[in-house]
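Note that the coordinates shown come from a computational prediction; the quantities given were computed from them, not determined experimentally. These numbers come from the heavy atoms of this one structure, side chains and all, not from hydrogens, waters or symmetry mates.
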Amino acid sequence: LLQLLKSEEDASYKPVKKACTQLVDNLVEHILTYEESLNKYSDNKGVNSSRLVACITTLFLFSKIRPQLMVKHAMTMQPYLTTKCSTQNDFMVICNVAKILELVVPLMEHPSETFLATIEEDLMKLIIKYGMTVVQHCVSCLGAVVNKVTQNYKFVWACFNRYYGALSKLKSQHQEDPNSTIVTANKPALLRSLFTVGALCRHFDFDHEDFKGNSKVNIKDKVLELLMYFTKHSDEEVQTKAIIGLGFAFIQHPSLMFEQEVKTLYNSILSDKNCSVNLKIQVLKNLQTYLQEEDTRMQQADRDWKKVAKQEDLKEMGDISSGMSSSIMQLYLKQVLEAFFHTQSSVRHFALNVIALTLNQGLIHPVQCVPYLIAMGTDPEPSMRNKADQQLVEIDKKYAGFIHMKAVAGMKMSYQVQQAINTCPKDPVRGFRHDESSSALCSHLYSMIRGNRQHRRAFLISLLNLFDDTAKTEVNMLLYIADNLACFPYQTQEEPLFIMHHIDITLSVSGSNLLQSFKESMVKDKKKERKPSSDEETESDSNSGSESESEEEASKPRRLRKRVDSDSDSDEENDINSVMKCLPENSAPLIEFANVSQGILLLLMLKQHLKNLCGFSDSKIQKYSPSESAKVYDKAINRKTGVHFHPKQTLDFLRSDMANSKITEEVKRSIVKQYLDFKLLMEHLDPDEEEEDGEVSASTNARNKAIISLLGGSSPKNNAADTEDDESDGEDRGGGTSGVRRR
């Protein structure tokens with residue numbers, strides 16, 4: 001409607017305006033005939049039907065866009081303020097009529113004194129009698145009528161004093177004896193006074209001499225002191241009403257938000273984990289309402305400026321208010337952003353609203369919000385996800401590179417949000433949606449970055465670096481990131497191939513470090529244990545023997561080593577036993593090994609998963625080089641369906657809370673077996689170019705066997721170890737010639 005009316009402002013023929021006038025006149029006519037028919041035929045005269053509510057609500061919407069349309073009907077609307085309220089519909093009639101009169105009365109030319117006096121009295125009766133919603137709309141309407149038309153300040157001053165006086169009295173009674181029955185009995189009066197004093201302060205500046213005359217008392221400070229007193233009340237309902245009152249007062253006097261006690265109150269409520277959810281939400285709502293009012297004020301100032309812009313000097317147009325709101329938001333920004341990590345979605349919802357308003361008004365530098373918005377993009381509620389994603393898109397348009405710069409920090413924060421939302425602490429946090437799409441939680445972030453090859457690669461490498469043994473990332477976060485990497489919306493072959501290439505590099509470095517540190521812990525502890533009885537001595541000698549044997553074995557040429565390794569299971573059993581004997585008494589290195597190895601296991605799983613998902617062969621992965629031109633791997637991915645990422649070992653590790661549980665003999669054995677499988681895998685990590693046909697397949701078999709062992713050999717669909725064998729076999733069959741020739 002706004003656009004339609006705007007488009008014909010300068011035209012001589014205005015069909016939209018004419019249509020609106022006809023619609024409004026007919027709706028008013030309809031209301032009157034409807035009233036008459038009710039009076040004639042109906043027994044229940046006081047009932048307001050939903051049709052009447054619909055007509056009045058529609059009239060309000062017209063008034064909101066073009067209040068001039070309703071000027072001639074204001075007198076007709078006024079009697080509806082005296083409606084007796086019993087149902088929801090009655091309240092809606094009163095609130096909408098109050099909103100219409102608020103917009104229309106200031107535009108009337110020479111309205112009659114009696115008409116204005118009647119409106120004032122009707123509004124005052126409603127303010128005294130009814131609940132919060134009615135009070136809010138009626139005080140707002142009274143503000144427009146008194147401030148812009150009647151200037152009947154004494155009338156409002158008397159009302160203000162009535163409630164302010166009641167509050168002062170209740171405060172002194174509460175100070176004397178917090179538990180007295182008088183205080184408890186007067187709770188409804190206290191709640192009404194807190195709300196109404198705040199609502200009146202929002203629409204009237206009582207420090208103006210029109211109200212208080214020559215008095216030197218600073219009303220706003222007095223009100224602040226009173227309301228602040230009740231924010232420390234033991235009853236949460238009283239605290240909430242006091243905070244609502246404060247929020248209203250701050251709209252008239254934003255500078256009060258700089259007061260130390262207000263900062264302490266707001267920030268402590270927002271940052272205290274144990275603080276009531278209702279109070280948190282109320283503080284966020286206060287900030288939201290303040291920002292919305294500021295926005296309306298600025299738009300109005302903008303419209304007023306445009307009218308006089310041609311005559312005015314630009315230097316005189318000082319934009320003080322936006323400077324003020326910017327400073328205010330800087331004060332509370334960190335705590336509002338931290339509210340994103342709350343378990344209750346309503347708290348996150350209001351925090352996001354405040355941040356969106358702050359960003360839209362340009363009150364803060366957006367870069368500090370980017371990681372938090374990325375985190376909110378993983379929220380389970382679609383409306384919140386979309387709002388956060390929309391903000392990121394806006395920031396990306398204005399400031400290219402900001403999203404990429406904060407992407408990894410955003411991923412880590414999204415893990416924190418998911419941790420907060422996770423209702424069952426025993427279940428590990430996962431990084432994909434539990435619906436039929438199984439899409440990554442951070443898929444929107446990836447789709448924003450993937451277009452720029454350089455940014456995409458840097459982002460993927462940073463994520464893979466978190467799996468490095470030196471990064472010391474907690475296991476559940478690694479699982480979360482692996483989930484995301486497994487489910488990102490990859491489009492070209494280059495993307496998963498690049499990840500697999502870097503997984504191989506990380507494996508070779510981290511894997512060696514891991515084996516080395518495990519070995520060292522064994523050797524050192526053995527030397528310490530050398531002193532005791534002769535039995536033990538001989539045992540430790542045999543241990544060192546087995547250790548040196550394995551050292552020897554490592555120094556053998558590769559071919560011999562492979563043949564030894566692919567020997568029977570009984571050898572492996574002996575190996576497990578010999579390593580078990582070498583284990584130190586202190587089981588910390590074992591736990592450390594189990595912990596750090598999860599990162600490597602996840603990378604292995606991830607590589608297998610991507611290989612299955614995209615149907616890549618070993619040779620394709622081997623041939624890939626990141627330095628090749630982009631075009632070579634620009635082909636679209638042909639995704640397989642029904643391939644799910646299920647890292648069973650890591651899930652078991654997290655569910656059993658192995659890092660904090662007691663080590664049993666059985667757990668020790670499984671860790672040692674894992675160590676030996678790792679050792680085997682590391683020895684066969686890269687297929688050897690120069691070797692003959694049979695040798696390559698032996699190496700591949702050994703590698704596959706180690707992988708199957710490590711990854712727990714679950715179903716081939718989820719856990720590609722088996723299919724890797726099939727694929728390489730298939731390739732041999734398909735090629736019909738040796739692997740060397742094919743390479």
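For Phe350, there are no ring pair (Phe, Tyr, Trp, His ring centres under 6.0 Å) partners, not counting sequence neighbours. Scored by the side chain to side chain contact (heavy atoms under 4.5 Å, CB included) test, Asn286 finds Ile243, Tyr266, Gln282 as partners (sequence neighbours excluded).
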Before you tell me yes or no, could you show the steps for His434 and Phe432 under ring pair (Phe, Tyr, Trp, His ring centres under 6.0 Å), namely the whole-Å CA-CA distance, both residues' side-chain angles and the distance that decides it to 0.1 Å? CA-CA 6 Å; His434 297 284; Phe432 58 83; 5.1 Å; yes

So Asp483 and Arg430, salt bridge (Lys or Arg N to Asp or Glu O under 4.0 Å) or not? Walk me through it. CA-CA 7 Å; Asp483 278 340; Arg430 300 303 302 268; 2.7 Å; yes

Please determine whether side-chain contact (heavy atoms from CB on, under 4.5 Å) holds for the pair Leu602 and Ile481, giving the CA-CA distance in whole Å, both sets of side-chain angles, and the decisive distance to 0.1 Å. CA-CA 10 Å; Leu602 280 168; Ile481 288 169; over 6 Å; no

Using the rule given for salt bridge (Lys or Arg N to Asp or Glu O under 4.0 Å), can you reason through Asp504 versus Lys607, listing the C-alpha separation, both sets of side-chain angles and the distance that settles it, and then say yes or no? CA-CA 9 Å; Asp504 283 345; Lys607 183 180 172 186; 2.8 Å; yes

For the pair Leu287 and Tyr332, evaluate side-chain contact (heavy atoms from CB on, under 4.5 Å) and give the outcome as yes or no after the intermediate values. CA-CA 9 Å; Leu287 290 170; Tyr332 301 110; 4.1 Å; yes

Quick one, Gln622 with Ser619, criterion side chain to side chain donor-acceptor pair (under 3.5 Å). Give me CA distance, side-chain angles, the key distance, then yes/no. CA-CA 5 Å; Gln622 208 62 35; Ser619 62; over 6 Å; no

Apply side chain to side chain donor-acceptor pair (under 3.5 Å) to the pair Gln335 and Ser271, showing each step before the final yes or no. CA-CA 6 Å; Gln335 281 71 17; Ser271 53; 5.1 Å; no

Under the side-chain contact (heavy atoms from CB on, under 4.5 Å) criterion, do Ile364 and Cys369 qualify, and how do the steps go? CA-CA 9 Å; Ile364 51 167; Cys369 296; 3.4 Å; yes

Run the numbers on Asn353 and Lys285 for side chain to side chain donor-acceptor pair (under 3.5 Å), then give the verdict. CA-CA 9 Å; Asn353 282 356; Lys285 274 185 182 170; over 6 Å; no

Determine, step by step, whether Asn360 and Leu291 satisfy the side-chain contact (heavy atoms from CB on, under 4.5 Å) criterion, reporting the C-alpha distance in whole Å, the side-chain angles of both residues, the deciding distance to 0.1 Å, and the verdict. CA-CA 10 Å; Asn360 292 341; Leu291 290 169; over 6 Å; no

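Between the side chain of Asn476 and the backbone N or O of Val429, at least one donor-acceptor pair lies under 3.5 Å. Remark: the backbone N or O of Leu466 is paired with a side-chain donor or acceptor of Thr473 at under 3.5 angstrom. Listed for the Asn422 side chain is no donor-acceptor partner under 3.5 Å among the backbone atoms of Gln418. A donor-acceptor pair under 3.5 Å is formed between the side chain of His365 and the backbone N or O of Val367. Under the 3.5 Å distance criterion, the side-chain polar atoms of Gln491 are left unmatched by any main-chain donor or acceptor of Ile637. A donor-acceptor pair under 3.5 Å is formed between the side chain of Arg348 and the backbone N or O of Thr343. Judged purely by atom type and a 3.5 angstrom limit, Lys280 uses its side chain to pair as donor or acceptor with the backbone of Ile269. Not a single donor-acceptor pair under 3.5 Å links the side chain of Arg655 to the backbone N or O of Lys426. Between the side chain of Ser443 and the backbone N or O of Ser439 there is no donor-acceptor pair closer than 3.5 Å. Between the side chain of Asn484 and the backbone N or O of Cys442 there is at least one donor-acceptor pair closer than 3.5 Å.
When side chains are defined from C-beta on, Arg457 counts as touching Arg453, because their heavy atoms get closer than 4.5 Å. In this structure the side chain of Glu381 reaches within 4.5 angstrom of the side chain of Met384, judged on heavy atoms. Side-chain atoms of Gln493 and Lys620, non-hydrogen and from C-beta on, do get closer than 4.5 Å to each other. Met413 is not listed as a side-chain neighbour of Ile374, based on a closest heavy-atom distance of 4.5 Å or more. The shortest distance between side-chain heavy atoms of Lys640 and Asn612 does not fall below 4.5 Å. Side chains of Leu460 and Leu485 form a contact here, defined as non-hydrogen atoms less than 4.5 Å apart. No side-chain heavy atom of Phe467 sits under 4.5 Å from any side-chain heavy atom of Leu606. Using a 4.5 Å heavy-atom threshold, the side chains of His646 and Leu651 count as touching.
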Return all side-chain donor-acceptor pairs below 3.5 angstrom for residues 394-408, not counting sequence neighbours, or 'none' if the list is empty.
residue: Glu394; atom: OE2; partner: Gln390; partner atom: NE2; Å: 3.3

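In plain terms, the two heavy atoms of Gln454 and Asn452 that are nearest each other are N-OD1, 3.0 Å. Considering all non-hydrogen atoms of both residues, Tyr490 and Ile499 come closest at OH-CD1, 3.1 Å. Summarising the geometry of Pro489 relative to Arg450, their closest heavy-atom pair is O-CD, 4.1 Å, with the distance given to 0.1 Å.
Here the straight-line distance linking atom CG of Asn638 with atom SG of Cys614 works out to 9.0 Å at 0.5 Å rounding. For the atom pair CD (Gln330) and OG1 (Thr358), the distance works out to 9.5 Å, reported to the nearest 0.5 Å. Atom CE of Met605 sits about 10.5 Å away from atom CG of Leu479, to the nearest 0.5 Å. Note that CE of Met376 and CG of Asn386 are 11.5 Å apart. Values are rounded to the nearest 0.5 Å.
Side-chain N/O atoms of Thr650 and Gln598 include a donor and acceptor closer than 3.5 Å. Looking only at atom types and distance, the side chain of Tyr415 has no donor-acceptor partner in the side chain of Thr378 under 3.5 Å away.
Salt-bridge annotation for Arg456 and Glu494: present, with a side-chain N of the basic residue lying under 4.0 Å from a carboxylate O of the acidic one. Classification of Glu338 and Lys334 as a salt-bridged pair holds, one side-chain N sitting under 4.0 Å from a carboxylate O. Remark: Lys648 engages Asp652 in a salt bridge, criterion side-chain N to carboxylate O under 4.0 Å. Remark: Lys611 engages Asp618 in a salt bridge, criterion side-chain N to carboxylate O under 4.0 Å.
More than 12 heavy atoms of other shown residues, nucleotides or ligands fall within 6.0 angstrom of atom NZ in Lys263.
For His444 and Tyr446, the ring centers sit 6.0 Å or farther from each other.
The aromatic rings of Phe488 and Phe459 lie tilted to each other, with the angle between the two planes from 30° to 60°.
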